[in-house]
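Read the structure below first, then the notes.
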2 protein chains.
Amino acid sequence: MAHRPRSEMIAETRGKLIAAARKAFGTVGYAEASMDDFTAEAGLTRGALYHHFGGKKGLLEAVVAQLDSEMSARLNEISSRADNPWQGFVDECTAYIEMALEPEIQRIVHRDGPAVLGDPFQWANQDGCIASLIKSLTTLKAAGFVRPDIEADAAARMINGASVQAALWIANSDDPEATSARAVVAFRAMLEGLRLVHRIQ
Amino acid sequence: MAHRPRSEMIAETRGKLIAAARKAFGTVGYAEASMDDFTAEAGLTRGALYHHFGGKKGLLEAVVAQLDSEMSARLNEISSRADNPWQGFVDECTAYIEMALEPEIQRIVHRDGPAVLGDPFQWANQDGCIASLIKSLTTLKAAGFVRPDIEADAAARMINGASVQAALWIANSDDPEATSARAVVAFRAMLEGLRLVHRIQ
DNA sequence: TGCACATTCATACGATGCGTATGTAAGTCA
DNA sequence: TGACTTACATACGCATCGTATGAATGTGCA
């Protein structure tokens, strides 16, 4: 094996650690994942982990950031190819729920992540999927689709909470298809409440 | 000390363990709470803990059940003393958010609880606060306050998710008063979406 | 009332996982 | 090319957990 630049080696090491941790966290969960085990699986030891990430928690942050940016990219892709802005947003939210059904995302991003790292809105991923949600809502509001008294941050919070719950419900259901349909009805109704409409009564 | 009936001793031991665990879980969190430490603080050892609760997880379940039934009692009290059913429900939800601001409830019920025990809707506390939510929604729907196509379970999910997020937002804010006001606006708007109203366009 | 039994809880032990301190090899730059 | 830094492995001590065992006390039955 020829001499390779150090920066490449580092990137490879970090990547291997993140991948191994992601797999372990996603399957057995953060608390049950043994650092010795999954570093060994990556052909490394805890020494490398502590050097690059400071500890288990730091590695979780890195894993979450990776998942988050992947989700964000998928969401941007989806919302960008809609002609109606509101419909695009509804699509985005629906996709958000569907992604939360994936075990890796559900477990790491929506369960262990918040429990270990705290409030997701404080994770401050500039390119995270929550930032995407807020951005979408901001433009929607500016375009007059959302009630002017509702702030984008606040709406993003509600939507995030409801989405995760909806996904949890569907994932734990014994008839995911039917449950999904029922969840979407309630979820869209909730979104309608945020929308700017004229009412009587 | 005279001979006391065994059932009393047991109840006292369980109570002491639950109280000590509740305090520890609420302050340092579930993962950081040492069983040796908080059992000793209760004047006991891990032996008693394993005997009565099977382990740390079982004790967490007991603590959560206690908090949950306390919350439920408070919610029932609040919703019962409202004249307008819908307003009573809004009050109940608002109280739910406010309770989630209490560190003990936020940490144990909304953070560590779901992470360790899984989906709160599966905890199956017959007298839990989620059951209260569902019950309130069921009666509201029967009375025609809620859109007929929305199921009580589904709505409870959305509301629960949104409430927890709202509470998290407020709790982590540097101006809780102002944040609370903004959160409530969005939350009520969301509730309006579930409500049965006549609309144009 | 007395005794066998079940239950409650403490103690003791082994195993596992974590964090830090230290060592070593390899890359980098003057 | 040699001093220095960086990347990672190794080794050690400590805390925590689960279980197996033991002692003490209340309880049910003759």
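Since this is a predicted model, take the numbers as computed values, not measurements. In what follows, chains are A, B, ... by sequence order, proteins preceding strands, each numbered from 1.
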Exercise for the section: Taking side-chain hydrogen bond (donor to acceptor under 3.5 Å, both in side chains) as the test, write out the residues that go with A:Glu151, two or more places apart. Expected result: B:Arg182
Practice task
Check side chain to side chain contact (heavy atoms under 4.5 Å, CB included) between A:Gln122 and all other residues, then give those that pass, not counting sequence neighbours.
Solution key: A:Asp119, B:Asn172
Practice task
Spell out protein contact along nucleotides 7-17 of chain D as letters: B when the base is contacted, S when just the sugar-phosphate is, - when no protein heavy atom is under 4.0 Å; keep the 5' to 3' order.
Solution key: BBBBB----SB
Handout entry: Test side-chain hydrogen bond (donor to acceptor under 3.5 Å, both in side chains) applied to A:Glu102 - qualifying residues, sequence neighbours left out
Key = A:Arg74
Handout entry: Qualifying ring pair (Phe, Tyr, Trp, His ring centres under 6.0 Å) pairs, either residue in residues 14-38 of chain B, two or more places apart
Key = B:Phe25-B:Tyr30, B:Phe25-B:Phe38
Problem - Whole-Å gap separating P (C:dA26) and CD (A:Glu8) - result: 18 Å
Completion exercise
Contacts of A:Thr138 meeting side chain to side chain contact (heavy atoms under 4.5 Å, CB included) (sequence neighbours excluded), chain-then-number -> A:Ile134, A:Ala152
